[in-house]
Protein chains: 2
Amino acid sequence: MPKPDESPDSGTEKKGITDSVLFSLIGYRLKRVYMQIQPLAQRVLAENDLRVVSFSCLSIITDNPGIVQSELADALQMERSNLVVIIDELEERGLITRKKIPTDRRRYALTATLRGRHLRDRAAAKVRTAEDEVLGWLDEDDRDRLLTILGRLERRTAR
Amino acid sequence: MPKPDESPDSGTEKKGITDSVLFSLIGYRLKRVYMQIQPLAQRVLAENDLRVVSFSCLSIITDNPGIVQSELADALQMERSNLVVIIDELEERGLITRKKIPTDRRRYALTATLRGRHLRDRAAAKVRTAEDEVLGWLDEDDRDRLLTILGRLERRTAR
DNA sequence: CATAATGATTATATTCAATAACTATATCTG
DNA sequence: CAGATATAGTTATTGAATATAATCATTATG
């Protein structure tokens, strides 16, 4: 039989640490990969004074002109209340506009400005490039498969 | 041309909200799936008064008897300082032991007790079952593929 | 031996998401 | 139509998770 030092069995390489049980749990594995990618995105977005969440907002607003805050919160699966400051800032920076809807004055129509759309496009390109640092390990097939499988998982579940 | 209401294009279904740009970013997609699975694990672990992080610790200690705290912190990619309270609690609950290493009295050898190992096994089984609520959508092939691809991504990157 | 490095700890700060309460407007129901 | 109920946005507050910095004991190094 080989020494236990050989055949790391699973992840968490380094000094022969094994975690075969954790390694078989998808949640754990997803988190690990996510935690690798997230800081990369964070870093490049910071160059444009964006955080991941504000970039996500800007991006969805860009693609959905006239969206209102609660729809946005819903799309990003976050609390309406936590959106407010983010929207405030995007508006102050002239990246989006916030207009009262005449037919329902409780709601604000959010729309990205030209500047906002351009910034979104530039930032998205940067994030894509940054992600490639990690995704570079995958061939085209694997990349597609990953996105496809994630898509299948993404469909609902108990809230 | 069809109405923009048709062809949701990508995720974030609901009311015709599109996010084609975000949708193509792996970080975003990983996070969404992770955020679906994580609460499920959290819920079942809470039944045994475990949090995700303490379960992870217990699990790795179980698989690596004698591991020391800095190695554990390294394996879980967390700060040593944040481990302390978790280890304290696991020890107080009699799930692990913490023994000074005679050859290096700065370090503690962490080992799971019998109770700890059993709890780990039961908890892991529960988490696996809980994850199946989401993974049920995948056939066996997709599941394997997902784990394989995650494995390829997991290998290092700029810290 | 003096100094630096390491492991564990403590205290502190930052960040983020969740909750509750409030205002304004809109909708529903008798 | 009046009053109750629901919705959109906001504010303030909380708690959890994570990161940072300083400290102490022990070990390694020059």
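Letters A, B, ... mirror the listed sequences (proteins, then strands); counts begin at 1. These numbers were taken from a predicted model, which means no experiment stands behind them.
With sequence neighbours left out, the side-chain contact (heavy atoms from CB on, under 4.5 Å) criterion links Thr129(B) to no other residue.
Comment: Arg143(A) engages Asp132(A) in a salt bridge, judged by a side-chain N to carboxylate O separation of less than 4.0 angstrom. Salt-bridge check for Asp142(B) with Arg145(A): failed, with every basic side-chain N at 4.0 Å or more from each acidic carboxylate O. Salt-bridge check for Glu133(B) with Arg43(B): passed, with a basic side-chain N closer than 4.0 Å to an acidic carboxylate O. Under the 4.0 Å criterion applied to side-chain N and carboxylate O atoms, Asp74(B) and Arg80(B) are not assigned as salt-bridge partners.
Looking only at distances, a side-chain donor or acceptor of Glu131(A) sits under 3.5 Å from a matching main-chain atom of Gly27(B). Ser54(B) places no side-chain N or O within 3.5 Å of a backbone atom of Leu50(B) that could act as its donor or acceptor partner.
Summary of the strand contacts: Arg106(B) and Arg107(A) both lie near DNA chain D, and taking for each the nucleotide with the nearest heavy atom, the more 5' one is attributed to Arg107(A). Each of Val68(B) and Lys100(A) lies near DNA chain C, and the nucleotide nearest Val68(B) is the one positioned closer to the 5' end.
Figure legend: Arg120(A) and Phe55(A) shown without cation-pi pairing, the cationic atom not lying both under 6.0 angstrom from the six-membered ring centre and within 45 degrees of its axis.
With a cutoff of under 4.0 Å to any heavy atom of chain B, the contacted region of DNA chain D is bounded 5' to 3' by dA17(D) to dT27(D).
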Write out a two-atom table: protein N or O, nucleotide N or O from nucleotides 14-21 of chain C, distance below 3.5 Å.
residue, atom, partner, partner atom, Å
dC16(C), OP2, Arg51(A), NH1, 3.1
dA18(C), N7, Asn82(A), ND2, 3.2
dA18(C), N6, Asn82(A), OD1, 3.4
dT19(C), O4, Ser81(A), OG, 2.8

